[in-house]
Every structure is written in structure tokens, then in C-alpha cells.
Number of protein chains: 2
Amino acid sequence: MSRQPPTELMNERAQHLLRVLIDRYIREGEPVGSRTLARDSRLDLSPATVRNVMSDLEEMGFVAAPHTSAGRIPTVQGYRLFVDSLLNIQPLDSVQVEQLRQELWAEETDSGRLIETASNLLSDITRMAGVVTLPRREHVALRRIDFLPLSQNRILVILVINEKEVQNRIIQTDRTFSASELETIANFLNAHFAGKDIHAVRTHLIDEMQQTRQDMNDLMMSVVSVAEKVFSGEDSDEEDYVLAGQTNLMQFRELSDVEKLRELFEAFNRKRDILHLLDKCICANGVQLFIGEESGYQVLDECSLVTAPYSVEGEVIGVLGVIGPTRMAYDRIIPIVDATARLLGAALNSRN
Amino acid sequence: MSRQPPTELMNERAQHLLRVLIDRYIREGEPVGSRTLARDSRLDLSPATVRNVMSDLEEMGFVAAPHTSAGRIPTVQGYRLFVDSLLNIQPLDSVQVEQLRQELWAEETDSGRLIETASNLLSDITRMAGVVTLPRREHVALRRIDFLPLSQNRILVILVINEKEVQNRIIQTDRTFSASELETIANFLNAHFAGKDIHAVRTHLIDEMQQTRQDMNDLMMSVVSVAEKVFSGEDSDEEDYVLAGQTNLMQFRELSDVEKLRELFEAFNRKRDILHLLDKCICANGVQLFIGEESGYQVLDECSLVTAPYSVEGEVIGVLGVIGPTRMAYDRIIPIVDATARLLGAALNSRN
DNA sequence: CTTAGCACTCAATGAAAAGGAGTGCTAAGT
DNA sequence: ACTTAGCACTCCTTTTCATTGAGTGCTAAG
């Protein structure tokens, strides 16, 4: 019943037509008909011939027709072939890279703000949503620890890690510690563990605890009991990301259904699914794409996600990316995501 | 041409009917016709009589008809009268208050998290958007200051204020300071200014600077030059708020236009207008409402804002509230906002 | 293999008709 | 003097139906 297949399963011409079709569809957002495609392709083919080719492409699953008398639009599989084989990605030209670097390095900031800036940059440039996971290092060097007594056996702990990140938390202790006691404990910890990996510190202290406490002098007793509280929260493994430009997604025709949009935004707030998806990209060694349903999450069915891991000193510590409608200008987005990931890594590195 | 006005400008019966109308409109969201209203009012009036009353109410500007053959819906003026005179607000019953308190006091947290929890609470309970401005105290007591040298003449400053808030910033100095120098400076500042108001410290230091530097010894020179950098950022006056439950707003029929919604969300991101509006509420001494256009911001035309200031030790330090469609259950929302403001104030207070 | 021709499909647009909820007005009832 | 039944009228909503036009698939000829 179907017309006889071309000699090669997918010849040059068909690929070219598919590329032109997707190009046009990405620009215009409307199903592309045979007449238009014939004209656009500059191949001097009649619409009828194009129709035959389209029929083949449809059978192969690369394009689909919304209804009988509409043109064709790419399927996920079509986009996949497009980005994998038909698209020649130009790295961002150096002027643009420099401009990106400027914006990212603009102010003297901590890594938290840097992440935010990166996310904003991504969303501003692409006019879609930007996402950057918080960096998460394997090795967390303790630089300094300080205590301040609060009321009711509570202690404010100030932790400086990785040279310049400041964390603070409040711990509840079994007994009251005086300011000078706390100072002694802090001095001890700083003297013994400054520069050490925080996980190492933790396991070391757990080992201490295993010993019968009889052996210890008062100082050590205090140190262990306080430090245990401090570092026990360390494994909380709270991943998180910074999202920017959600509102950009609201202007796309294909995402204009309020209910769908609500579900998408709720997935963003819930974070779990998106994080899970981003985690998958952390091991890819470059730009990675999820097109439409490829993500496996229904809320993202109409969306594509372009990601790249970023790293400091060779260690991948996070992922960033862009979320937009499946119909996005991949050739423009991919280099941007790629460059931003490199620049963010560099920026985080230089600030140590 | 219009029927003769009732003896009183707005009699008991008209008020009752207006209340019933708004009650019903808030519940159902559809224009209310005379038949329905006659039935609902339990006044044993015929639809025709009700129509006459509605005609009067319309002339007075309290209700409006979307079109000739629709029922009536409240105008902003109608809502205003409703909340000001027709609504008897019951304070939240003590069980609910207790429940709120539980949720707010659930964990041992810093004020930042507390604000977030409050915002989430507001949005969860009301199924609308919750907003809480960051607290901003007139008096900020310096508890402790610490310095850590970074590379390239940069210094990491850790500031503990108001007993338990931790701030950190990075300053760039003209020359390199050694760790021990920094320690000396910190000791000096801590010894002289701990417990003092941070603005007082700042003006004091500016005064010092006015003197010719000849008079100073080296220590003072260093102290002044570093402290100046630290405290100069203090007046940044950055207001901000925490918004929660934006997505809740997407399920309301009256806000279902994507473009309108986008503008609203963008106003939320821009923050300026919303902050300006919230600022107006900081001087009100209780719950304040902006209904529809009353806000003066077009993006909020379809929305109402219910706010209440929250305070610690009698000093108002912030505002919280709920944003939802004009058609909201004011009788339920107002007590919730009121109670949350009190509880947040109390929670912030107890943590000193 | 390509293409012109043609019948056919189907979304989109718009006009017309039907239905219905609710109003305003008038005149009669209390 | 207020209340109400009755009725004509308005205008939104929904449905139906015809029209249009873009685009297709198929066939037969080049």
C-alpha cells in the first residue's frame, strides 16, 4: 500500500527536506506544507514530489500531520535526528563568549549569587527558562568554625568552608556551654581540622565517639559532643536548583494552556522530578538534550531541556540548562548552554 | 427616569440583599440573578422586587451587570462596602490559631526560614499566593564581626547581628592585611562596638574619618579603613519579599488569561510595584485591603491584596499578606492574615 | 522518478437560528 | 406607596450549516 521505499533508507534529499522543514517550523511555528517546502528547499522540486518525500518521512516517524489537510510538523524522533545529524552547531563566537564572561564576572560575589546570575543570564539570552543546580562538591574543606551561645542551650554555629562559603546553623545541646568554653572548643577544632575535608572530620569524630568516653578529658568530651551535632547535619544531601525566567515560558503558543502551565510550574516548585532529570545529565560529558517526551516526565512533554554539566578543577559539581518548548532554536541554544557551563565553572574556580 | 430612591439612601433590606449577592458571587463566581437572589435571601420577596432593589444598587455603583441579560456582580465599591460594613469578621478560633502556631514554630530556624515558612503557610491555607516582606529593623545590633583574608586584597567579612542573624560579604581593600592584623582589627571592633547599633557604629566611624588621619595610630588607621568598607554597604536599603504559591493563582477562572497572568507574574519578579504597595501597608495598624483597582497597579486590577504588618517588640518590621482574585472569601482570609502576622511577630521575637 | 491534475479531507471562519437566562417596564394588587 | 405578576425585549451562548482554503493522496502522463 505504501509507495516503494527509496534506494537508501533515507537519502540526501530527504534529509535536506527534513532539515528545511524543521528549520522553518522552528521559525514559524506552523505546519509546513509541500508548496512552501518546495519553495524553501531551493531544490527545484514540485510540491508533488515533496509530498512523496514527506509521505516517506512520515512513515519513518520523523514528521507527522496534525490532520489530513495540514502540513507536516517534526516529531520528537524528527527533532532527535535533526539535532544529532542534521544540525551543524557553531561554537559561540568569541565576542559573544566575552560578553557572557563580562556579565558573569561583573560583581564580586559569592558562589550563591554567581549561580543566580548564571540562571538569569541563561533565561535572558534565550528568552526561555534558565536552571542551574547548586554546586555540590565531593570535597568540602573546613576553613574555620565559630560558635556563639544563644539562649536555652542553643548555639549558633558559623562554618566557613571552601575558602569563602559561609554556612550557619543553630544546634541544640544537652547542657549549657559558656562563651569561653565554646571558644576553647572552636580553637581546638580550628587548630586540628582547618583545611581538612569536612567529611573526614566527621568520620574522625565518630571514631572518637566510639571510644569509651572515660578516656577523654573534659575538653575532648565537649568537643566531641558539640561537633557531633554540628557535623551530623552535613549529610543532609539537599540538592537544589535556581530557576529563572519562568514567565518567559508563558509566551509560547504551544504552552498556552493554563492548566498545563500550572502543572509545569508546580513541577518546578516540587523540584524533585526536575532534579532527578538534571542529575542524569551530570555524568554526560557535554551538552545533553531531552526533547519532548524523552524526558519521561509528562509535564515536560511539550518541552525540551538542554543541559550541560559545569565543573571546577575537573570535578563536575553541577548542571545548568535551559527549558523551553520543543520548538526551540537548538542551533542557537546549544552553544549558549555549552559556553555558559564552561564560564560558570571558570568563574567558580577563580574565586577560591 | 430612575425610580424614586428609597427613604433611606441605603436601607436595611438593600444591604442585606447586597451581602447575600456578594456571598453567593464569591462562592459561585457567576452573576447572580433576581430569582436566585430572592430565593437565597430568605426575605420572601418576589424576583421583581429584588430587581427594583438591584436597580437602585446598580445606580449607587455597588453592583454591575456584565450585560443586559445577566445577573449582577459586585463592583469594587460593592466589595468595599461589603468588607467594611457588611462583613462581620470572626477572629480565628483558638484551635486554628494553635495549629498555625505549631506549623510556624515547627523547627528551630533562623528568621529567613521563618519568613519562608510563613509565606508558604499563607499560600497553603488560603490556596492563593502568600507574600511576606523580609523584616527590616530600625535598630540592628552588632553582635560580632570576623574577618578572613582571601586572595588579592579581598576580605571575607562575617557579621553576626541581632543576636543570631549571620551576614557575610566580601570587601576589596587597598592593601593586603595579614590574618593577624585582621584579628586585631576584629578584636578592636568587637571590644568597642559589640551590642551597639550598627548605624551608630557607622556614623561613629565616619566621624573618625573626618579627623585628619595624622592623629591616628596605625591600628586606628586600619580599623577605620576596613570598617568603612564593611559598613558602607549597610544602607543598601534593599527591600525584598518572599512570595509563595504563585501557581495557586493559575486555577482561578478570572485570571485564566495567559497574557494577563504573565504580566502579573512579571510584576512579582520585578518586585518594585508590589513592594511599593506593601510599604503602604506598613503604617496601617491592622489588616488592610486593596480591592481590585484600588491598588493603583493595572496588573492587580483583577486581584485583591489582604495585608497585615507584623512587629517585634512593638516595632513594625514588615508586612505579610495574601494575593488572590477580587472574588475571594474575605471573611476567611482576613482573620488568617491577621493571625499569621501576630504569630510571625511572636515567633521572630522569641528567637532572640 | 517526477509532475500535473484532480478529488477529497478537514480545520477555520462566519452567518444564521434556536435557546435561555435575566432584565426593565407597566399595570394591577395589596 | 410598596409589591408583584406579566410580558416584551436584550443579549449571551450554543448549535448548526455552508463556505473557504490549505493541503493531501492518488493516478496517469511525461
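Labels below follow one simple rule: chain letters A, B, ... track the order of the sequence lines, proteins then strands, and each chain is numbered from 1. As the structure is a prediction and not an experimental result, all values here were calculated from the model.
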Distance, nearest 0.5 Å, that separates OG1 of B:Thr307 from CG of B:Asp338: 10.5 Å
Partner set under side chain to side chain contact (heavy atoms under 4.5 Å, CB included) for A:Asp273, not counting sequence neighbours: A:Arg270, A:Tyr297
Using a strict heavy-atom distance below 4.0 Å, which residues from residues 21-29 of chain B are in contact with DNA chain C? none
Quick one: which residue pairs count as a side-chain hydrogen bond (donor to acceptor under 3.5 Å, both in side chains) with a foot in residues 250-261 of chain B, not counting sequence neighbours? B:Glu254-B:Arg327, B:Glu259-B:Arg262
What's B:Ala48 touching, base or sugar-phosphate or nothing? Going by heavy atoms closer than 4.0 Å. base
Footprint string (nucleotides 10-18 of chain D, 5' to 3'): B base within contact, S backbone only, - free, heavy atoms under 4.0 Å: BBS------
With a 4.0 Å limit, can you tell me whether A:Ser34 has a side-chain N or O closer than that to the phosphate oxygens OP1/OP2 of D:dT24? yes
Between D:dT4 (C1') and B:Arg35 (CZ): distance, integer Å: 13 Å
Residues 42-51 of chain A side chain polar contacts: donor-acceptor under 3.5 Å, at least two apart:
unit_1	atom_1	unit_2	atom_2	d
A:Ser46	OG	A:Ala48	N	3.4
A:Ser46	OG	A:Thr49	N	3.2
A:Ser46	OG	A:Thr49	OG1	3.0
A:Arg51	NH1	A:Ser34	OG	3.1

Within this structure, what is the CG-to-C1' distance between A:Asp44 and C:dT3, rounded to whole angstrom? 12 Å
How many whole angstroms separate atom CG of A:Leu37 from atom P of C:dT3? 14 Å
Using atom CG of A:Leu57 as one end and atom C1' of D:dT24 as the other, report the distance to the nearest whole Å. 15 Å
Restricting to ring-ring contact (aromatic ring centres under 6.0 Å, His included), what partner residues turn up for A:Tyr79, sequence neighbours left out? A:Tyr330
Taken to the nearest whole Å, CZ/B:Arg13 to P/D:dT4 is 8 Å
Side-chain donor/acceptor pairs under 3.5 Å, residues 63-73 of chain B, sequence neighbours excluded:
unit_1	atom_1	unit_2	atom_2	d
B:His67	ND1	B:Ser69	N	3.4
B:Arg72	NE	B:Glu58	OE1	3.0
B:Arg72	NH2	B:Glu58	OE1	2.7

Determine: side-chain N/O of A:Thr49 to OP1/OP2 of C:dT2, distance under 4.0 Å, yes or no. no
Tell me every residue that passes side chain to side chain donor-acceptor pair (under 3.5 Å) with B:Thr247, counting only those two or more places apart in sequence or in another chain. A:Glu266
D:dT24 OP1/OP2 closer than 4.0 Å to side-chain N/O of A:Arg72: yes
Atom-to-atom span, CD of A:Glu30 to P of D:dA22 - whole angstrom: 13 Å
Contacts of B:Arg80 meeting side chain to side chain donor-acceptor pair (under 3.5 Å) (sequence neighbours excluded), chain-then-number -> B:Asp84, B:Glu294
Quick one: CG on A:Leu278 to CD1 on A:Ile323, what's the gap to the nearest 0.5 Å? 7.0 Å
Between B:Leu43 (CG) and D:dC2 (P), how many Å, whole number? 17 Å
Quick one: list whatever passes side chain to side chain donor-acceptor pair (under 3.5 Å) with A:Lys271, sequence neighbours left out. A:Asp240
Using Watson-Crick pairs (N1 to N3, plus N6-O4 or O6-N4) and G-U wobble pairs, both distances under 3.5 Å, which stems of at least 3 pairs involve DNA chain D? C:1-30 with D:1-30
Test side chain to side chain donor-acceptor pair (under 3.5 Å) applied to A:Asn248 - qualifying residues, sequence neighbours left out: none
Taking CG from B:Asp40 and P from C:dG22, how many angstroms apart are they, rounded to a whole number? 12 Å
Of the listed nucleotides D:dT24, D:dC7, D:dT3, the one nearest the side chain of B:Arg51: D:dC7
How long is the span from the CZ atom in A:Phe265 to the CG atom in A:Leu255, to the nearest 0.5 Å? 8.5 Å
